[in-house]
Structure formats: structure tokens, C-alpha cells
Amino acid sequence: MTHGFAFDVAHMLAGGLVLVSFAMLYQDRLYALINVLALHALVLAASVAWQAHVQHAPHLYITAAIALGFKAIVIPMALRRMVFRLGIHREIETVVSIGLTMLAGIALVALSMMVMLPVTAHADPIAREDIALALSVVLIGLLMMVTRRNAVSQVAGFLSLENGVNLAATGAQGMPLVVEISVAFSVLIAFIVIGIFLFRIRERFDTVDLQVLDQFRGERG
Amino acid sequence: MIALALTCIVLLLCLAVAGAFAALSPSGRHIVYGGALAISAASLLVALFSLGAAPSVVTLPLGLPWTGAHFRLDPLAAFFLVVVGLGSAGSSLYALGHGRYEHEPQRVLPFYPVFLAGLNLVVVADDAFSFLFAWELMSLASWALVMSHHRETGNAHAGYVYIIMASFSGLALLLCFGLLAGPTGGYSFDAMRAAHPTPGIAALALVLALIGAGSKAGIVPLHAWLPLAHPAAPSHVSALMSGVMTKVAVYGFVRIAFDLLGPPAWWSGTMVLAVGGVTAVLGVLYALMEHDLKRLLAYHTVENIGIIFIGLGLALAFGANQLPVAAALGLTAALFHVFNHSVFKSLLFFGTGAVLTATGERDMDHLGGLIHRMPKTAFAFLVGCVAISALPPLNGFVSEWLTFQAILLHPDLPQWGLKLAIPADGALLALSAALAAACFVKAFGVTFLGRPRTRAAADAREVDSFSLAAMFGFAALCLLAGILPGAVIDLLAPVTQMLTGASMPTQLDVAWLSIVPVESARSSYNGLLVFLFIALSASLAALVVRRFAAHGQRRAPAWDCGFPDPRPETQYTGASFAQPIRRVFGAVVFRTRETVTMPPPGDIAPARIEKHISDPIWDTLYAPVAGAVWHLSLLLNHLQFLTIRRYLGFVFAALVILLLVLALWQ
Amino acid sequence: MIQGLFVQGAQMALVLLLAPLLTGLVRKVKARLQRRRGPSPIQPYLDLKRLLGKEVVLAENASWLFRVAPYVIFAVTWVAAALVPTFATGLLFSWSGDLIAITALLGSARFVQALAAMDIGTSFGGIGASREVMIASLAEPAMLMIVLSVALVAGSTQLSTVADYMAFSAVGLRVSLALGLVAFIIVALAENARIPVDNPATHLELTMVHEAMVLEYSGRHLALIELAASLKLLLYVSVIACLFFPFGLAGGYALGLATWLVKLAVACVLLGVFEMSIAKMRVFRVPNFLGAALMLSLLGVLLLFVSGGM
């Protein structure tokens with residue numbers, strides 16, 4: 001394929017994001033998971049910065065800076081403190097074994113390829129595959145939310161999902177800055193709310209393990 | 001040529017009659033097995049000569065009056081006749097020695113030639129009626145042989161399951177041929193080739209053929225009879241059933257899918273690839289959980305059938321995309337594996353039979369240390385284990401290598417099903433090859449190596465020379481097919497030419513006897529050179545070591561980190577060897593659970609470790625179907641105990657309903 | 001033809017001579033990182049010489065398989081190493097075995113090693129063999145998937161052709177090759193019995209896999225097996241170098257040799273640093289680790305089937 005260096009680097013960064021998503025699926029300890037989440041945001045920032053360079057769209061540099069500042073530094077630090085204060089840093093928690101989760105991840109990548117590539121058959125070839133990879137990052141983020149018992153790791157899955165949406169948007173050549181800012185702020189608000197609730201739950205029930213919390217529900221569905 | 005093949009079959013049937021009369025005399029064994037050996041060798045030679053010749057046809061006035069019985073010997077039939085002849089000759093040679101230990105020869109000797117005749121007849125049949133007749137003959141004769149040791153526990157159940165599954169496969173094939181014959185009723189294969197069924201009919205016929213022939217070959221989930229029936233038969237018959245009968249079932253599928261149905265549809269490749277991949281991995285996982293040698297080998301046959309179907313699926317996929325050379329490569333890989341598997345599986349069953357006669361044990365946890373007591377059998381079994389684990393320079397590696405080359409050939413196929421199924425099958429094939437090596441390290445290591453675990457294993461003696469001759473003959477064939485694979489590929493060229501319209505480039509012209517599947521810049525393999533290099537390097541190392549190293553050598557008790565335990569119970573058993581793999585794969589596939597109960601301190605009861613393995617396919621498919629049939633038959637049983645008035649009422653009601661239908665139809 | 005034979009012979013001799021040095025260098029790097037002086041890098045040569053001079057102590061029930069196995073393991077590993085283009089591509093007999101054959105040859109060596117481990121009938125042999133085949137049941141498919149992805153990119157499974165393609169053509173940065181590299185490093189660590197999969201310096205039964213398999217060997221047999229293990233490490237490093245970092249293969253023999261030696265040295269340092277940075281895994285976390293390698297390589301092959309540009 002002779003599409004040139006720009007194509008290759010964009011692809012490599014999108015593929016790197018998928019690789020880091022798989023690395024997130026593989027983790028079973030919370031501090032390592034938060035570190036990989038920071039790496040996820042770092043790769044996203046690099047990918048957005050590269051798109052800014054290739055598309056000559058300077059407002060994307062701001063998006064990259066937001067990704068780097070908030071998602072790679074501030075949010076992981078806050079999550080670490082939260083994990084330490086909740087006292088759950090020793091727990092290892094997966095619902096299904098890691099091998100099966102990764103197999104499901106591969107099936108999701110295949111699914112997103114199967115859906116996206118025929119649909120975008122007439123689009124710019126550089127963007128097509130990047131959008132398919134971005135959809136797989138979104139799906140793998142959702143998979144993480146489904147296969148984790150701990151609320152903090154579900155937050156991590158949600159954040160990686162949002163990273164995937166960002167990747168798709170920047171690859172599509174033309175996400176205005178106001179959309180990015182509003183999305184980022186809503187994520188921040190959601191995150192603060194979730195954090196507050198987690199602490200309240202922890203005070204009340206002494207645990208944030210969802211399966212234990214299930215028993216307090218009262219009527220069982 | 002076809003006349004010669006048919007003569008061999010008739011001679012086999014005569015031999016069966018002779019066997020029935022001579023069964024109880026001491027020379028009966030020699031007559032039957034010696035005669036079978038001669039006739040199989042003759043049939044093998046006939047088949048070898050017909051591989052390159054033009055197809056020959058004959059029609060006999062037997063069977064249905066308006067169709068007659070058609071027989072045809074074309075390259076596909078000739079190749080499978082080679083496989084059948086080779087397997088039968090080996091089994092007969094082995095049985096000349098092994099049959100001495102048969103307690104009830106009158107239950108085995110008359111049916112053995114009938115079984116061979118059935119196998120040969122299926123391959124040369126050219127119309128639906130004679131095909132199904134031969135298929136049922138093959139099934140019934142092998143059922144009689146499976147039931148020959150009917151007093152042993154489990155064999156009656158095995159025979160029962162076997163006859164049900166054999167009838168099921170016959171029924172599926174009957175429906176398939178009915179669909180292909182169409183409303184005109186053209187039951188001869190020539191008529192089916194000329195007819196062009198609609199895509200829906202062709203699809204249904206292909207699915208029925210896969211179910212019918214596949215259940216006889218042993219694809220998952222229709223494989224449950226295989227590990228029950230194959231071990232129950234005497235060892236030479238087990239070798240025939242695993243090594244040859246499953247291949248005849250593969251022949252049935254190949255004949256229908258590639259010859260009678262015409263050009264394949266695009267989805268047929270995906271379906272066969274999916275079935276093949278799942279069968280391969282599940283078969284070897286089942287084999288790893290077993291500690292009975294014969295059941296392990298029977299489950300392993302399931303894995304190899306999966307590999308063959310992966311090759312067939314690739315051939316169908318490429319054929320549907322108008323890529324005849326690629327389809328030829330896939331078909332060559334599948335048929336090469338057919339040949340390889342019949343050779344090394346027969347060899348392994350012969351070895352197991354030898355161990356069974358020498359020690360009376362089939363359970364590897366009661367054996368051990370047999371390499372010292374039965375060195376020749378151990379060597380031949382080792383060659384079989386290396387071959388079946390797909391290790392160079394033997395023949396198993398060549399067919400696996402060809403399958404991988406076929407997988408790599410066309411990554412740019414348009415159908416999404418194939419885009420996903422082909423890499424998935426590559427992964428499944430690689431996984432099953434690695435697990436097969438693990439399985440045979442376990443089988444050979446626990447049975448032949450180490451220290452003897454029982455008195456029977458410690459007192460074993462080497463078996464007779466006929467059995468050894470058969471085993472060494474097949475071992476030599478494994479090595480030859482691995483060193484000179486070009487010869488086998490060139491033998492297969494007329495078969496692929498007939499079925500796919502293309503063939504691989506002639507291999508025997510290539511320099512240094514390598515094989516080049518597509519072109520030399522792409523990939524090549526030279527079994528002979530690899531073998532010579534390994535031999536030369538080992539000799540060079542031995543020479544250098546002899547020249548420069550100290551020569552001293554003394555025997556001492558095993559080091560064992562300073563705590564040697566003389567009791568053989570401290571060795572690894574089959575279950576302990578497979579425990580890591582059972583824990584990794586078994587928890588998902590078989591829902592394995594290990595429970596450890598430790599007694600409280602002061603209690604003198606022993607600690608227990610129990611493992612629970614469930615078979616998901618038996619629980620979800622066979623048990624519910626059997627239960628439903630049982631309930632239905634209980635309900636219908638009420639019909640047995642009605643009064644005469646009720647019976648008359650039934651007849652009256654049936655008559656009234658038929659008249660009503662007749663009235664309303666018009 | 002004569003020049004080709006000479007180059008091939010030189011390659012075979014060179015890999016044999018350099019293999020123990022590689023092991024020695026890794027040990028030296030690890031020792032330095034632990035603030036020790038450590039043995040000199042030529043210590044493995046002295047070890048081999050010492051082992052060759054000692055008498056062999058065989059267990060009483062060792063069979064012919066136990067005595068023949070070291071020669072077979074060494075011969076098979078040496079033949080596999082001879083097929084790898086180290087300082088030049090297009091060696092005389094490189095077409096007789098491709099990447100799949102090299103993988104399968106290493107599998108043969110492992111098969112014979114596991115059988116030899118079970119020969120004496122001690123529980124250490126059983127533990128080594130059963131853990132080794134569990135690791136192999138995941139590492140070998142991962143390796144084959146990497147071979148498939150590389151072959152799809154380069155259009156051939158012949159290692160010389162692939163190395164030429166990587167060295168000469170503009171391959172660019174490709175996602176499937178990145179996935180393949182990560183997976184290959186994991187597989188190389190597992191196959192060479194390095195931390196985090198196995199500890200090459202231990203003799204505690206909870207932690208050993210490869211050492212458990214060779215526990216009963218002594219004298220010249222042990223020397224051959226140790227040499228074969230060093231050869232295997234050299235083989236893996238050379239394959240990674242020629243597939244993913246083929247700088248210098250395009251030049252003549254001298255440049256190729258110099259860059260190959262530099263790559264080997266860099267690999268030793270990196271391996272030593274990596275082994276010192278993490279701890280050995282529990283045995284039943286290793287399947288997750290290798291399963292990740294298998295999934296990554298499968299993903300690489302899938303991406304190549306789905307879209308040729310990746």
C-alpha cells in the first residue's frame with residue numbers, strides 16, 4: 001500500500017489505541033488499569049495531534065491538549081486517590097476470565113470492521129479504516145464496562161469509550177471545537193457525580209462491589 | 001480395471017463364507033487374514049495403476065431392475081481405493097499375529113472380509129442404490145465386529161449408540177440422494193452430474209451430505225459414537241474403523257460436494273470451514289482428558305477429520321470464487337492428510353493392540369516403563385507419535401504445511417464470511433497441532449516411559465513378528481511420505497484435476513526433490529534435506545563429543561533433587577500430566593471442577609481430590625434428543641394396549657380422513 | 001555454489017560460536033543491575049568445557065531415548081538456526097525450510113525434550129514436561145499466527161524472501177506488524193524460559209519449567225542441551241532482528257555482520273533490563289500472558305485479511 005507516511009502514522013496511532021484497549025482488557029489490578037488508562041489517553045492525544053498536523057486544523061491541537069491534560073494526567077491521578085481512599089487497591093475483579101474477554105474483544109473488532117468498511121465504501125480511504133478502528137475502541141470500552149465488577153474499572157471503561165468517540169470524530173475531518181468542549185465538560189460532570197455517589201455508597205454499605213450491592217436491592221427482579 | 005476391483009470384492013465375500021466355516025479351526029485365522037492380505041494388496045496395486053488411467057465403468061444387472069448397479073473407477077475412487085487397500089493390507093498383516101489372542105474367533109473372522117468388501121464397494125459405487133447398499137453393509141459388518149466382545153462392560157452400550165448413529169447417517173444420505181435424483185428419479189451418479197438442481201435444493205443436499213457423511217467421519221457434534229465404538233472392537237478392526245472407514249466417509253462427502261453437486265456456492269466453504277475448525281480443537285481437547293489409550297486415539301481421529309474438513313472447506317471456498325489452482329491446493333492438502341492419517345492412526349492402533357495383548361491393560365495409568373520391555377513396539381509407536389504431532393521430517397508436517405499454504409494463498413476474497421473464517425481456522429489449526437503434540441507426549445510418556453506402575457506392565461513381553469512387521473511397515477511409510485512428499489502430491493494430481501479442473505505443478509521435476517505448492521519464490525519445503533541435515537548435525541555432534549569429551553558413564557539412582565522415591569506411584573499419571581491444560585482450556589469447554597477435601601487435623605481419613613468433567617455436547621444434544629424420543633415412545637406405547645373397538649375406530653377414522661382429503665383435493 | 005556453501009557453513013559455525021556469549025552477556029547485564037560484579041561473559045564457554053570433561057551419571061532406568069535426546073535436540077535446533085538469515089539473506093539452503101518449518105523444528109526439539117523428561121519417571125520430570133506443553137500449547141499457535149501475518153505482508157513464508165522484503169521494500173509502519181512484534185516478544189520470552197514465564201537460574205520446584213526437564217542430565221549430555229538452549233535464544237533474537245529491524249541486511253556481508261552483532265548486543269542489554277524489572281509470574285497466570293500474545297497475533301492476521309493496507 002503506497003498511501004504514504006501520513007496514512008501509515010495515522011493508522012499506527014489508531015491501531016495503537018486498539019492495542020492499548022486490549023491491554024486494558026488484560027489488566028486485573030486497579031493501579032495497573034489506571035496506568036493503562038493514562039496511556040490510552042496519551043495515545044489518543046498523539047493521534048489527535050497528528051490529525052491536526054495532517055488536516056491543517058489548529059483547533060484540534062486544543063483537543064489534543066485537553067486529552068493530554070485532563071484524561072492523561074488529571075483524571076488518572078484523581079482515580080488513584082479515589083482507589084486508595086476507597087481501600088480497594090488490592091482487589092482483583094473480573095466476571096469472565098481474561099482469555100474469553102480478549103476473544104470477545106477480537107470478535108468485536110471483526111464486527112466493527114464488518115459493519116464499517118462496507119458502509120463507508122465511498123469515503124476517503126484514510127478515514128475509513130480509522131473509523132472502523134475507532135468503533136472497535138468504543139465497543140471494547142463497552143465490553144470492559146460489562147465484564148467488570150468494580151465501579152472504578154467501569155468508569156475506566158466509560159472513559160476509554162469516550163476516547164474512541166473522540167478518535168472517530170477527529171478522523172472524520174471536522175468536529176468543531178464547541179462540540180469537543182461540551183462533550184469533555186459533560187464527561188467531567190458525570191465523573192464528578194459518579195465520584196460523589198461512589199463515596200456515599202461506600203460510606204453507607206462499606207463496599208463498592210456491585211455483586212454485593214445487588215443483595216441490598218430489596219425485591220429481587 | 002473396474003472389473004479387477006470388483007473381482008477383488010467378490011473374492012472377499014467368498015473369503016467371508018470360508019471364514020464362517022473355518023472360524024473354529026486353528027488355521028481359520030491364517031486363511032481369512034492371509035487371504036485378506038493378498039486380496040487387499042492386489043486391490044492396492046489395481047488402484048495404483050488406475051490413478052493415472054482413464055475412468056472405467058461397468059453396469060451389472062443387480063439391484064433395482066430399472067437402474068441396475070453401476071460401478072466406476074475414476075481417479076478419486078482410485079485414490080481412496082489406495083487408502084482402503086493399504087489400511088486393509090496392514091490390518092490383515094497385523095491380525096495374522098494379533099488374531100491368535102482372540103477368544104471368540106467365530107464372532108470376528110466371518111465379518112472381517114465382509115467389512116473390507118463393504119469399504120471397497122462404497123468407493124467404486126456409481127449410483128445411489130449400490131452406494132447406500134455398500135454403506136449399510138460397511139456399517140452392519142463393523143457393528144458385528146464392535147459387538148464381538150459383547151460381554152465386556154460398556155461394549156453393548158457402544159454397539160447400541162453406534163448402530164443408531166450409523167442408521168442416522170444412512171438416512172441423511174438417503175434423503176440427500178433423493179433430493180439430488182429429483183422428481184425424475186435419476187439415481188445413477190451420471191444422471192445426478194448432468195442434472196442442475198436449484199440453489200435451494202443443492203444447499204439442502206450439501207447440508208444433508210455433511211450431516212450424513214460427516215457423522216460417519218466423526219465431525220462435532222455428531223462424533224459421540226466414535227470414542228465408544230472404535231475402542232470396543234478388536235485392535236485391528238479399530239485401526240480399520242479409525243484409519244479407513246472414516247476416510248471412506250470423507251470420500252462420500254467429497255464425491256457429493258465436489259462431483260455430484262457441480263460448482264460450489266459461496267457459503268458452503270464457510271460452513272465446512274467452521275465445522276472443521278471446531279471439530280479439530282474439540283477433538284484434541286477431548287483426547288487430552290482421556291487416560292484410556294484407545295479412547296484417546298479415537299478422539300484424536302475426530303481432530304484429524306477436522307483438519308481434513310478445513311482443507312475441504314478451503315477447496316470449496318476457492319472453487320466458489322473461481323480460483324481452481326487454489327482449490328486444487330486445498331484439496332491436495334486435505335487428501336494428503338487423508339493418506340497420512342490412515343497410515344499413522346493405524347500404526348498407533350496397532351501399537352495399542354500390542355500393548356493390550358502384552359499387558360492386558362488399556363489404561364495408561366496402569367502402564368509405564370514399557371520401552372524397556374517392548375523396545376520395538378515402543379520405537380514404532382514413537383514414530384507414529386512424532387508423525388501425528390506434525391513434526392518434521394515426517395509426513396504429518398507436510399499435510400499441515402500444505403494446509404497453511406492454502407490458508408495464506410488468497411487473503412483478498414470478497415465474502416465476509418470467508419474473510420473471518422479463514423484466519424480463525426488458521427488459529428484453530430495451529431492450536432490443535434500444538435495440543436496434539438501435548439496429547440502424544442502424554443500418551444507415549446505415561447505408557448512407555450518412566451517406571452512400571454503395575455505388575456502387568458513390569459512383566460510385559462514383546463509381541464510377535466507379524467504385528468511388528470505391520471507396525472514397522474507403516475512407520476517406514478510415514479518416513480517415506482515425509483521425505484518424498486512430491487511423489488504423493490503428483491499421485492494426487494489426477495484427482496484434483498478431475499474435481500477442481502486444475503492441479504498443482506508437478507513436484508518431481510523440482511530440484512532436490514523439494515515441494516513447491518505455488519511458485520518457488522513464495523514457499524518451498526524439502527523434507528529430504530531437512531532429514532539429512534538433522535542426521536548429519538547429530539552425527540557431527542556425536543563425533544565431536546566422542547573426540548573431545550570424557551567417555552565416563554555410570555549408572556546410579558535418579559537424582560530427583562536429592563529425594564529419590566522408589567515407589568512408582570510418585571510418577572505423573574495421565575490425569576496429572578494433563579492438569580495444566582485441563583485447567584486452562586477445560587474450565588471453559590468441559591466445565592471441569594477440581595474439589596479437594598482435606599480432613600481436619602487428627603483425622604486419619606485420606607485427603608481426596610476429585611475432578612468432574614462434563615461433556616457439553618452429550619448433555620445438550622444427545623441426552624435431550626434421547627429423552628424426547630423416550631417420552632414419545634412411552635406415549636405411543638399406549639397404542640399397544642387398546643381394546644379391539646378402539647383399533648377398529650382407528651381404522652375407520654383413517655379411512656374417513658383419507659376420503660375427506662381425496663374429496664377436498666379436487 | 002562454492003561461495004554459497006562457504007557462507008552457509010560460516011553462518012552455521014558463527015551461530016554456534018556466538019550462542020554461549022549471548023547467554024553470558026545477559027547474565028552479566030543482570031548482575032550489574034543487581035550491583036554485583038557477576039561472572040565474565042565467557043563463563044558459559046568455560047561451563048561447557050567443564051561439563052564435557054565430566055562423566056555422565058545416568059539414572060538406573062534411563063532408556064536409549066534419554067541418551068539420544070540431547071543429540072537430537074541439539075541437531076534440530078542447530079538446523080533451525082542455520083535457516084535464519086543473520087548477516088545475509090539468500091543462504092544456500094534457506095529454501096529447504098520456511099518459517100513454518102522453523103517453528104515446527106523447534107516444536108520437535110521441545111517434543112523430544114519433554115519425552116526425555118518423562119523417561120526417568122520422577123515427579124520433577126513430569127512437572128517440567130506438563131508445564132512445558134501447557135506453555136507450548138499457547139506459544140506455538142501464537143508464533144504460527146505471527147508467521148501468517150508476516151507472510152501475508154511479505155507474500156511468502158520463506159524467511160529469506162521476507163527479510164529481503166522488509167529490508168528493501170518500503171513497508172512503512174503497519175499495525176499488524178506492530179501487533180506481531182509485541183506478540184513475538186512475549187512468545188520469545190516464553191519459549192526461551194525467561195522471566196516472567198520461567199526462571200533460568202532457579203532450582204525450586206514451584207518455579208522451574210525448563211530446569212525441571214533437564215534435572216537428571218549431567219556431563220556431555222547437559223552440555224549439549226545448554227548449548228541448544230543458547231542457540232534457541234540466538235535464533236529468536238535473530239528472527240526478531242531480520243523481520244522487524246532489518247537495517248543493514250541490504251548491504252554486503254561486512255555491514256550485515258556488524259549490524260547483526262550490534263543488534264545481538266542491544267538485545268542482550270534489553271533482555272537483561274527487562275528480566276530485572278519484573279517478577280516471575282505464577283504458573284497459572286502464564287496462560288493469560290500467552291493468551292494475550294495469541295489474541296494480538298490473531299488480531300494482526302484478521303486485520304490483514306479484512307483490509308490489505310493494515
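Lettering follows sequence order; numbering is per chain, from 1.
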Once rounded to the nearest 0.5 Å, what's the spacing between atom [atom1] of [X] and atom [atom2] of [Y]?
X: C/E60; Y: B/R451; atom1: CD; atom2: CZ; value: 10.5 Å
X: C/L215; Y: B/D560; atom1: CG; atom2: CG; value: 7.0 Å
X: B/I371; Y: C/F66; atom1: CD1; atom2: CZ; value: 12.0 Å

Region of [X] that comes under 4.5 Å of a non-hydrogen atom in chain B:
X: C/L144; result: side chain
X: C/S63; result: both
X: C/L298; result: side chain
X: C/V72; result: neither
X: C/A62; result: both
X: C/L138; result: side chain
X: C/L51; result: neither
X: C/A136; result: backbone
X: C/W95; result: both

For [X] and [Y], indicate whether the former's side chain and the latter's backbone hold a donor-acceptor pair under 3.5 Å.
X: C/E140; Y: B/A430; value: no
X: C/E216; Y: B/W559; value: yes
X: C/R220; Y: B/R546; value: no

Side chain from CB out, backbone as N, CA, C, O: work out which of these in [X] comes under 4.5 Å of a heavy atom of chain C, or both, or neither.
X: B/F585; result: side chain
X: B/S389; result: side chain
X: B/Y525; result: both
X: B/R554; result: both
X: B/V584; result: side chain
X: B/V516; result: neither
X: B/L536; result: neither
X: B/L540; result: side chain
X: B/L529; result: side chain

Partner chain C: residue of [options] with the largest heavy-atom pair count (under 4.5 Å):
options: B/L449, B/L429, B/I422; result: B/L449
options: B/A549, B/P423, B/S539, B/A437; result: B/P423
options: B/W416, B/F448, B/F444, B/F397; result: B/F397

**Request:** Quick one: closest heavy-atom pair of C/N61 and B/H372, and the distance?
**Result:** O-NE2, 3.0 Å
**Prompt:** Counting only heavy atoms not in C/Y45, do more than 12 sit closer than 6.0 Å to its OH atom?
**Reply:** yes
**Asked** Taking the six-membered ring for Trp, are B/F533 and C/F93 parallel (under 30°), tilted (30 to 60°) or perpendicular (over 60°)?
**Response** perpendicular
**Item:** Pair C/S130, B/Q579: side-chain N/O donor-acceptor within cut-off below 3.5 Å
**Value:** no
**Asked** So do B/I534 and C/W78 actually touch side chain to side chain, heavy atoms under 4.5 Å?
**Response** no
